[in-house]
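Reviewing the structure listed below.
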There are 2 protein chains.
Amino acid sequence: MAAQASGYIVQPVSKALRVLVHVAEKGHGVPLAEIAADVRLPKTTVFRYLQTLVAAEFLHHDMESDHYSVGHRFRALARADTSLQRLRNLALPEMAELRRAFNETINLGIMVDGHIVYIDMMESSHALRMQTRIGDRDPVHSTSLGKAMLAFLPEAECAALVRRSLRARTARTVIDQPTLLRQLAKTRRLGYAIEIGENEDGAMCIGAPILDGTGRPLAALSLSAPEKRLTRTVAATAAAALCDAARRISVRFGAPAG
Amino acid sequence: MAAQASGYIVQPVSKALRVLVHVAEKGHGVPLAEIAADVRLPKTTVFRYLQTLVAAEFLHHDMESDHYSVGHRFRALARADTSLQRLRNLALPEMAELRRAFNETINLGIMVDGHIVYIDMMESSHALRMQTRIGDRDPVHSTSLGKAMLAFLPEAECAALVRRSLRARTARTVIDQPTLLRQLAKTRRLGYAIEIGENEDGAMCIGAPILDGTGRPLAALSLSAPEKRLTRTVAATAAAALCDAARRISVRFGAPAG
DNA sequence: CTGTCGTATTCCGCGTCGCGAAACAAGCAT
DNA sequence: ATGCTTGTTTCGCGACGCGGAATACGACAG
């Protein structure tokens, strides 16, 4: 194992990972003895690592046969990661096309524990342009991305998020719950969300949700621009284009094509 | 953390996994400080875990921004696991149908470091039947599963595996390399492999490869039965059925339908 | 250029806790 | 029964992981 190099290697961790890799690489359940032999570590040690990995649900222990195999925590993480990978790949060309068509900043974001985080972005070439950095977070209720996802979340989850205290980012941020719910209903009807100066003074934003096969929003696309530049008619065509793009991505995730 | 219960939890491992989970759950790169704060562990400790996780390539460290994100080792494991999951799901109904049609033992196997390992199996109801256990391994060159996969492997890899010293399992095991290569050429032509008493005396086996979108074999299906019971004509129809089943699974993995 | 953050690293001495041989238990063959 | 094989538990030694504090680096402001 190439576990040296940096002097800051924590042996237990390093060795436990070797065990994890070994179990994951075989497709089937493996017994303790075999693992210990293959990884060249004392049975006792491997035993402890396995217990720990099982407790963390990275591995699964089948009591019947005393075999170890990959656990659901590991699978869940993997799935989350690959779906993100996939999302980026599918979204990037659509975003490029949107940027080309409108020359405004296009964002791709997901929701993580009640916040919007930007996972990709293409900037407009205007000197005056909206800027967010990948990895940044914004509140759900003050962004078009957030509203677009909120609107298509299952009733209960949406309600829970709206019920939290809503912080005002600007003078125009809507912090009144009934008002927000009304906007969400409208978003559901139109298929896209709008936000004007609610997150950043002078900026506005249009967002459309990307849904998976079950109808759950897993991300959203948005176009953001200075309020002045987005005339009513441009905004309308942009909204349509965003919805089209978002829908094309959605179908690749199993959403109904209609 | 539900890391108690069993008294055999290794703290460094347990805590490092928490760090891993945390990084993987956010879709984007995370800086050390944020991780440390979120996981409620001292910066120094988290730092060491990160170093270790990066060394094992479970995480990736972007030197530019000093951000940590999931690494390719993790991705590779995840991919391997999910494709196996998928394989089982797709193969099971096909296997059930084959078992029903011929009432012989049907095996599903993959190749792992130069051996065939059985990852699923459905038994015939005959008293005299072939039996392997899930997780068992057999040589590549003495099984129809192995030959089926070998034949469709890229030239170089196939050659490397054939070049190894071939151990004889029975009197009829082919250990002569030219002979084996000739059989593989035939397998490529027919689309399936045959083995008669080469792995187990009195047993014979027909195997067909499951290919992915790139044409690489990722598994194989086989039917195994006592040599006596498989007449020439039954063998022929079984081979055709196996190939059909294998092909149906292959297309689900992106292989050309033709 | 100089100070002041806010990061990521490095140092280092303390004492925890992970280690692994060996003893134990539980199956499953012969 | 008796030998195997497996997983589990015990226990005392001392390596090594720990984390506070000190340092280095870099970004930004004045």
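Within 6.0 Å of CG on B:L92 lie more than 12 heavy atoms contributed by other residues, nucleotides or ligands.
Across the helix from C:dC1-D:dG30 to C:dT30-D:dA1, the helix axis at one end is tilted relative to the axis at the other end by 40° (nearest 10 degrees, each axis from five pairs).
Annotation: proximity of residues 59-66 of chain B to DNA chain C (heavy atom, distance under 4.0 Å) is found for B:H61, B:D66, numbered in ascending order. Within residues 32-43 of chain A, the residues having any heavy atom closer than 4.0 Å to DNA chain D are, in order of number, A:L32, A:A33, A:K43.
With contacts defined as side-chain heavy-atom distances shorter than 4.5 Å, the pair B:L108/B:M122 does not qualify. Side-chain contact between A:M111 and A:L161: present, with at least one pair of heavy atoms (C-beta onward) separated by less than 4.5 Å.
Using modelled atom types and a 3.5 Å distance limit, the side chains of B:D120 and A:H28 yield no donor-acceptor pair. At a cut-off of 3.5 Å, with distance as the only test, no side-chain donor of B:N199 or B:T173 sits close to an acceptor on the other residue. Remark: the B:H126 side chain and the B:R229 side chain contain an N/O donor-acceptor pair separated by less than 3.5 Å.
You'll find that the side chain of A:T44 is closest to C:dG20, out of D:dA21, C:dG20, D:dT8.
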Every protein N/O within reach of nucleotides 12-18 of chain C N/O, cut-off under 3.5 Å:
residue, atom, partner, partner atom, Å
C:dG18, OP1, B:Q11, N, 3.3

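In terms of heavy atoms, A:M149 sits closest to A:P217 at O-CG, 3.4 Å.
As rounded to whole Å, 13 Å separates atom C1' of D:dG7 from atom NE2 of A:H67. Following rounding to the nearest Å, B:F47 (CZ) and C:dG6 (P) show an atom-to-atom distance of 21 Å. Straight-line distance from the CG atom of A:L50 to the P atom of D:dT6: 15 Å, rounded to whole Å.
Of the side-chain N and O atoms in B:T45, one or more sit less than 4.0 angstrom from OP1 or OP2 of D:dG19.
For the pair B:R169 and B:D138, the salt-bridge criterion is met [side-chain N within less than 4.0 Å of a carboxylate O]. Electrostatic pairing of A:E34 and A:K26 counts as a salt bridge here, judged by a charged N lying under 4.0 Å from a carboxylate O. Note on B:R172 versus B:E227: salt bridge recorded, some NZ/NE/NH1/NH2 to OD/OE distance being below 4.0 Å.
Taking the six-membered ring for Trp and the full ring otherwise, B:Y49 and B:Y68 have centroids separated by 6.0 Å or more.
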Would you list the atom pairs, donor with acceptor, under 3.5 Å between side chains in residues 37-44 of chain A and any protein atom, with sequence neighbours excluded?
residue, atom, partner, partner atom, Å
A:D38, OD2, A:H22, NE2, 2.9

Using a 3.5 Å cut-off and no angle test, enumerate the donor-acceptor pairs between side-chain atoms of residues 52-59 of chain B and protein atoms at least two apart in sequence or in another chain.
residue, atom, partner, partner atom, Å
B:T52, OG1, A:V10, N, 2.9
B:T52, OG1, B:R48, O, 2.9
B:E57, OE1, B:H72, NE2, 3.0

